[in-house]
*Asks:* 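Once you've had a glance at the structure underneath, I'll fire off some questions.
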Amino acid sequence: MTSSEHFDPRDAAVIQNPFPALARLREHEPLHYSEAMAGWVITRYEDVRNSMRDSRYSANRLRPFFAHMDPTRRERLAALEKNLSLWAVFNDPPDHGRVRNLMNKAFTTSALAHMEGRIAEMVESLVDELAAQDGEVDFIRAFAYPLPAMVIAEILGVPREDVAHLKRWSDELASFVLTSRLSPDRYGRADAAIREMHDYFGQMAQRLRRHPDGGIVARMVAAEEKGDFLSEDELVAACVLLLFAGHETTTQLFGNGLYALLRWPEQMQRLRDGLHDRGQVENAVEEILRWDGPGLAGVRVLNEDVDLHGQRVPAGSRIFQFVAAANRDPAVFADPDRFDIARDPNPHLTFGYGIHFCLGAPLARMEARIAWPILLNKLRDIELVETPQFSDSMIVRGLEGLRVRCRPA
């Protein structure tokens, strides 16, 4: 197949703004083979959503990745392979369903409900600290990263003094899981981080087996279905997944969200005027997730041949599901490039679709629904100091920093 389009996600302009290139693919070549990515790119809403619920598109992309690795190198990364291979997001049924069901018994909306007050306290504290700083501040460092990190740490029962360790481990893991295009030696660093995380959460699990405290990890330890429990390795892997997924994308939700509001000041004012309206705040959160949310693309591997747009894609091929393109498909969203906080309905795919729908979506939405009113009520005249740069991940879309100037209300 001769391609009429060229899509290179390593291009600096594409990293900064992928939407024009993705729009061209969506319109002219909805199934595109990217030499740079060594895989197929799909960009239309219907194709991306269908692939998320089609069993031919396997989430089990790590086992073939490690299987093709040099044996010596694979042995050095044994801890990384073992832990990540147990993540529910990298498994298909029946393994996926078994682990997901046991995690669901602990990580429920009702189990998180008691966190609303604590999240509000954390937001108030961080915003007060942010407002007290004189001059410019990096919003990512001051708010967007620490809030979700503190929340997930408390949910997992991690002391606040250990949050710095969690950040370091998570950053090292992100360079591998989120497919950084530029990070050198990301495999070795991710493996070392996984080993430290395994020791940390393994000791926590053993302690909670003896002295359960009613928290999320203790609930996962006790989770049972028809006599089945999570093994020690599965429990540790679940903790690592919740830690990693519980703050990584939520950080981008806040960072990308504030950047979007700063670029659309009339929408910022509209949100400020309606902060008393929970429905409007929730709509704004959904539009932030759609318009330039934390999800850039998902990855699947075909376990059998698939015919799509007149092309047979062979089994074993990698498929990049560009959620960012699907979320701006004009076949589904009217005026899709417009940022509109009142958009409703808003069936974006940022949290996925089907059996792999994000387990942490209710928590991310809760954090955002609580945080935006407090943040925008306490801060006024938020100004962008410089144009921020986006990170080079092919999976998550997020800012490396967001320097702003603001004053307390």
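By convention here, the first residue in the shown sequence is residue 1.
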*Asks:* Which heavy atom of G215 sits nearest to which heavy atom of D213, and what is that distance?
*Replies:* N-OD1, 2.9 Å

*Asks:* Looking just at side-chain N and O atoms, do S58 and N303 make a donor-acceptor pair shorter than 3.5 Å?
*Replies:* no

*Asks:* P294 and T350: which non-hydrogen atoms are nearest, and at how many Å?
*Replies:*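 Where P294 meets T350 most closely, the heavy atoms are CD-CG2, 4.0 Å.
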
*Asks:* When you measure from the side chain of R26 to the backbone N and O of A325, does any donor-acceptor pair fall under 3.5 Å?
*Replies:* yes

*Asks:* Start with the C-alpha distance between E224 and K105, add both sets of side-chain angles, then the distance that settles salt bridge (Lys or Arg N to Asp or Glu O under 4.0 Å), and finish with yes or no.
*Replies:* CA-CA 8 Å; E224 178 268 339; K105 289 181 177 294; over 6 Å; no

*Asks:* To check you understand the geometry: which heavy-atom pair defines the closest contact between A342 and N283, and what is its length?
*Replies:*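 Scanning both residues completely, I find the closest heavy atoms to be O-ND2, 4.2 Å.
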
*Asks:* Taking the side chain as C-beta and beyond, is there a heavy-atom pair between W372 and I288 under 4.5 Å?
*Replies:*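 Contact flag for W372/I288 side chains = yes.
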
*Asks:* Kindly list each side-chain donor-acceptor pair under 3.5 angstrom involving residues 149-160, sequence neighbours excluded, with atom names and distances?
*Replies:*
from, atom 1, to, atom 2, distance (Å)
E154, OE1, R118, NH2, 2.9
E154, OE2, R118, NE, 2.8

*Asks:* Once you measure the plane-to-plane angle for H96 and H356, does it fall in the parallel (<30°), tilted (30-60°) or perpendicular (>60°) bin?
*Replies:*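 Tilted.
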
*Asks:* First locate atom CD1 of I194, then atom CZ of R189, and finally report the distance between them rounded to the nearest 0.5 Å.
*Replies:*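 Here the interatomic distance stands at 14.0 Å.
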
*Asks:* Which is it for R263 and D292 under the salt bridge (Lys or Arg N to Asp or Glu O under 4.0 Å) test, yes or no, and what are the steps along the way?
*Replies:* CA-CA 12 Å; R263 283 181 286 174; D292 197 0; 3.5 Å; yes

*Asks:* Determine, step by step, whether S391 and E400 satisfy the side chain to side chain contact (heavy atoms under 4.5 Å, CB included) criterion, reporting the C-alpha distance in whole Å, the side-chain angles of both residues, the deciding distance to 0.1 Å, and the verdict.
*Replies:* CA-CA 5 Å; S391 65; E400 294 180 346; 4.1 Å; yes

*Asks:* Go through it in stages, so that I can follow the logic: the residues are N256 and W291, the test is side chain to side chain contact (heavy atoms under 4.5 Å, CB included), and I'd like the CA-CA distance, side-chain angles, deciding distance and then a yes or no.
*Replies:* CA-CA 9 Å; N256 295 8; W291 190 75; over 6 Å; no

*Asks:* Under the side-chain hydrogen bond (donor to acceptor under 3.5 Å, both in side chains) criterion, do Y57 and N50 qualify, and how do the steps go?
*Replies:* CA-CA 9 Å; Y57 293 77; N50 287 344; over 6 Å; no

*Asks:* Between L399 and Q389, does the side chain to side chain contact (heavy atoms under 4.5 Å, CB included) criterion hold? Intermediate values first, please.
*Replies:* CA-CA 6 Å; L399 297 167; Q389 299 299 306; over 6 Å; no

*Asks:* Classify the angle between the aromatic ring planes of F320 and F322 as parallel (below 30°), tilted (30 to 60°) or perpendicular (above 60°).
*Replies:*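 Tilted: the ring planes of F320 and F322 meet at 30° to 60°.
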
*Asks:* Going from CG on D340 to CD on E287, what distance comes out if it is rounded to the nearest 0.5 angstrom?
*Replies:*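 So the gap between those two atoms works out to 6.0 Å.
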
*Asks:* If you draw a 6.0 Å radius around CD in E161, do more than 12 non-hydrogen atoms from other residues or ligands fall strictly inside?
*Replies:* yes

*Asks:* Do you know the tightest heavy-atom contact between P9 and I15?
*Replies:*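 That would be O-CG1, 3.3 Å.
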
*Asks:* For residues R49 and Q321, determine if any side-chain heavy atom of one lies less than 4.5 Å from a side-chain heavy atom of the other.
*Replies:* no

*Asks:* Between Y45 and F333, how do the two ring planes meet: parallel, tilted or perpendicular, split at 30° and 60°?
*Replies:* perpendicular

*Asks:* Is there a side-chain contact between S34 and H32 (heavy atoms, below 4.5 Å)?
*Replies:* yes

*Asks:* When rounded to the nearest 0.5 angstrom, what is the spacing between SG in C406 and CG in L384?
*Replies:*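 With rounding to 0.5 Å, SG (C406) is 12.0 Å from CG (L384).
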
*Asks:* Any pair with a residue in residues 233-260 that passes salt bridge (charged side-chain N to carboxylate O under 4.0 Å, His left out), sequence neighbours left out, goes on the list, sorted by first then second residue, please.
*Replies:* K82-D233, R98-E234

*Asks:* Under a 3.5 Å cutoff, is there a donor and acceptor pairing between the side chains of N91 and R63?
*Replies:*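 Note: N91 and R63 side chains meet the donor-acceptor criterion.
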
*Asks:* A side-chain contact here means heavy atoms from C-beta on lying under 4.5 Å apart; do Y259 and F139 qualify?
*Replies:*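 When only atoms from C-beta onward are counted, F139 and Y259 do not touch, as no gap falls below 4.5 Å.
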
*Asks:* Within the structure provided, determine whether F254 and L375 are in side-chain contact (heavy-atom separation under 4.5 Å).
*Replies:* no

*Asks:* Taking side-chain contact (heavy atoms from CB on, under 4.5 Å) as the definition, give me every residue that meets it alongside A331, ordered by chain and number, with sequence neighbours left out.
*Replies:*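 With sequence neighbours excluded, A331 shows a side-chain contact (heavy atoms from CB on, under 4.5 Å) to D329, given in chain and number order.
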
*Asks:* Roughly how far apart are M197 CE and S170 OG, rounded to 0.5 Å?
*Replies:*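 With rounding to 0.5 Å, CE (M197) is 6.0 Å from OG (S170).
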
*Asks:* Check side chain to side chain donor-acceptor pair (under 3.5 Å) between R209 and all other residues, then give those that pass, not counting sequence neighbours.
*Replies:* E232

*Asks:* Decide side chain to side chain contact (heavy atoms under 4.5 Å, CB included) for T43 and L31; before the verdict, give the C-alpha distance in whole Å, the side-chain angles of both, and the deciding distance to 0.1 Å.
*Replies:* CA-CA 7 Å; T43 47; L31 175 67; over 6 Å; no

*Asks:* Any Lys/Arg nitrogen of R168 or E172 sitting under 4.0 Å from an Asp/Glu carboxylate oxygen of the other?
*Replies:*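 No, this pair does not count.
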
*Asks:* Side-chain atoms of residues 126-133: list all donor-acceptor pairs with protein atoms under 3.5 Å, sequence neighbours left out, distances to 0.1 Å.
*Replies:*
from, atom 1, to, atom 2, distance (Å)
D128, OD1, K378, NZ, 2.7
D128, OD2, K378, NZ, 3.4

*Asks:* Apply salt bridge (charged side-chain N to carboxylate O under 4.0 Å, His left out) to D138 and list each qualifying residue two or more places apart in sequence or on a separate chain.
*Replies:* none

*Asks:* What's the shortest heavy-atom distance between P388 and Q16, and which atoms?
*Replies:*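 Minimum heavy-atom contact is O-NE2, 2.6 Å.
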
*Asks:* Is there a side-chain contact between F339 and L261 (heavy atoms, below 4.5 Å)?
*Replies:* yes

*Asks:* Relative to the ring of Y187, is the ring of F176 parallel (under 30°), tilted (30 to 60°) or perpendicular (over 60°)?
*Replies:* perpendicular

*Asks:* State whether the number of non-hydrogen atoms from other residues, nucleotides or ligands found under 6.0 Å of E46 atom CD is greater than 12.
*Replies:* no

*Asks:* Nearest 0.5 Å please: distance from the CG atom of L271 over to the CD atom of Q280.
*Replies:* 6.5 Å

*Asks:* With salt bridge (Lys or Arg N to Asp or Glu O under 4.0 Å) as the test, would you mind laying out the steps for R195 and D199 before giving the verdict?
*Replies:* CA-CA 6 Å; R195 291 177 188 273; D199 289 342; over 6 Å; no

*Asks:* Would R369 and E286 count as a salt bridge (Lys or Arg N to Asp or Glu O under 4.0 Å) here? Give the steps.
*Replies:* CA-CA 10 Å; R369 172 177 55 78; E286 297 308 309; over 6 Å; no

*Asks:* Indicate whether any N or O donor in one side chain lies under 3.5 Å from an N or O acceptor in the other, for D47 and H309.
*Replies:*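 Yes, H309 and D47 have a side-chain donor paired with an acceptor closer than 3.5 Å.
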
*Asks:* Rounded to the nearest 0.5 Å, how far apart are CZ of F201 and CG of L208?
*Replies:*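 Spacing of CZ (F201) from CG (L208) equals 11.0 Å.
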
*Asks:* Could you tell me whether W169 and F244 have their ring centroids closer than 6.0 angstrom?
*Replies:* no

*Asks:* Using a 4.5 Å cut-off on heavy atoms from C-beta on, say whether the side chain of I319 contacts that of V299.
*Replies:* no

*Asks:* What pair of heavy atoms forms the shortest contact from A106 to R219, and how long is it?
*Replies:* O-NE, 3.3 Å

*Asks:* Does any non-hydrogen side-chain atom of R74 lie less than 4.5 Å from one of E81?
*Replies:* yes

*Asks:* Mark yes or no: R61 above the aromatic ring of F90, with NZ or CZ under 6.0 Å from the six-membered ring centre and no more than 45 degrees from the axis.
*Replies:*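 That pair does not qualify as a cation-pi contact.
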
